[in-house]
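The structure under discussion appears below in the form of structure tokens.
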Amino acid sequence: MSTLPSYPFLTAFEFSHIATLFLQHQSHLNALGYCRTPQWVLKHAAPPPYTRQPPTPYLELRRRLPPLSTPDPDQDQEDEEDEEDDPESLGGRARGGVEVVYNILYSSTYRLPVLYFVAPEGDVRDVLALGDGDGVVGQGEHGLSGEMWWFVHPCRTGEAMEGVRGAVVGEAGGEDMGEGDREGGEVGGRYLGLWLGFVGGVAGLQAGAGRREEEEREGREEADGVGE
């Protein structure tokens, strides 16, 4: 497969291929002890009934973000008492952080990936409060389910990715991304990795990064110990 001739823009097939390579690269890093946090997984949405369209691939990540502030034991006790009095209280969400579901979908309109996110049992305002970035966030229909989700608008993504062209595909415009090719897997990993660096911060994906780096360092040390 030739490497992204229309970079930074993608076809649906290129997105599917890059997503697969991204997961291969993620597995490679995980084997080296670099990834101990929840991982992205590849899923497929069923096509509309009575059509011959293939299932639509997308990536999904479920992550519990850290709380907005350090828990106070006395406050925790008060929250537990409040929850007993009010079963619908969301005090537990504040202590444990909010769980967020992230989806990466391909947009045929923008010809780019789009990051969607939702907090099924929490408040997305907590996610935005933990966010750090310049992305434009809005609400709209999820590209597959039609439900209302938050998303990072892709209007600036193309320009941002163009600025890192050399880091993704090389100045000459392309390394091969063949199946099972380690270098190709790194190309796929770099595209979505850098793209997530641009769009993920505002959606809270970088929240708790310091703790994750510490866990990953511990994982590498454990892996090194096993190999000795």
Side-chain angles (χ1 to χ4, degrees), residues 19 22-23 26 30 35-48 55-107 113-154 157 192-193 195-216 219:
F22 174 70
L23 295 185
Q26 177 181 259
N30 186 55
C35 300
R36 302 188 70 185
T37 54
Q39 304 290 289
W40 290 95
V41 297
L42 181 64
K43 294 192 171 185
H44 292 83
T56 302
Y58 66 99
L59 293 171
E60 180 170 290
L61 172 69
R62 291 177 176 267
R63 173 173 291 170
R64 182 167 294 279
L65 301 185
L68 291 173
S69 58
T70 303
D72 182 339
D74 294 334
Q75 184 62 45
D76 283 352
Q77 181 63 36
E78 294 178 7
D79 289 343
E80 290 175 2
E81 295 173 356
D82 291 342
E83 288 175 28
E84 292 176 359
D85 296 334
D86 181 5
E88 297 184 359
S89 170
L90 294 178
R93 171 186 58 78
R95 292 196 309 278
V98 59
E99 183 181 37
V100 186
V101 180
Y102 297 96
N103 282 182
I104 300 176
L105 277 59
Y106 174 73
S107 168
V114 178
L115 179 66
Y116 289 83
F117 60 100
V118 67
E121 298 180 358
D123 192 333
V124 170
R125 288 176 296 181
D126 289 354
V127 181
L128 300 178
L130 288 165
D132 179 18
D134 299 325
V136 178
V137 176
Q139 280 186 296
E141 290 188 1
H142 187 279
L144 296 175
S145 69
E147 300 173 347
M148 291 299 293
W149 283 47
W150 290 81
F151 71 101
V152 182
H153 201 284
T157 307
L192 283 181
W195 174 82
L196 281 169
F198 289 126
V199 305
V202 71
L205 273 174
Q206 304 303 325
R211 177 56 188 162
R212 292 200 300 274
E213 289 174 359
E214 180 180 345
E215 292 177 348
E216 290 163 4

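Listed here is the closest heavy atom pair of E99 and R62: OE2-CB, 4.4 Å. L144 approaches A45 most closely through the heavy-atom pair CD1-CB, 3.7 Å. The shortest non-hydrogen separation linking P113 to P154 is O-CB, 4.4 Å. Taking each heavy atom of V202 and L128 in turn, the nearest pair found is O-CD2, 4.0 Å. Closest approach of V98 to A119, counting heavy atoms only: CG2-CB, 3.6 Å. Heavy atoms only, all atoms of each residue included: Y58 and I104 are closest at CB-O, 3.3 Å.
Using a 4.5 Å cut-off on side-chain heavy atoms (C-beta onward), E147 and E141 make no contact. Two residues are said to be in side-chain contact when any heavy atoms from C-beta on lie closer than 4.5 Å; L61 and L205 meet this criterion. Between L196 and W40, the closest side-chain pair of non-hydrogen atoms falls below 4.5 Å. At a threshold of 4.5 Å between non-hydrogen side-chain atoms, the residues T157 and V152 do not count as touching.
For Y102 (side chain) and A203 (main-chain N/O), a donor-acceptor pair under 3.5 Å exists by modelled atom type. Judged by distance alone, the side chain of E60 and the main-chain N or O of K43 form no donor-acceptor pair under 3.5 Å.
Between H142 and the choices F117, W150, W149, F151, the ring pair (Phe, Tyr, Trp, His ring centres under 6.0 Å) rule is met once, by W149.
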- [ ] Report the C-alpha separation of F22 and L42 in whole Å, then their side-chain angles, then the decisive distance to 0.1 Å, and conclude whether the side-chain contact (heavy atoms from CB on, under 4.5 Å) test is met.
- [x] CA-CA 10 Å; F22 174 70; L42 181 64; over 6 Å; no
- [ ] Could you walk me through whether V100 and V118 pass side-chain contact (heavy atoms from CB on, under 4.5 Å), step by step?
- [x] CA-CA 6 Å; V100 186; V118 67; over 6 Å; no
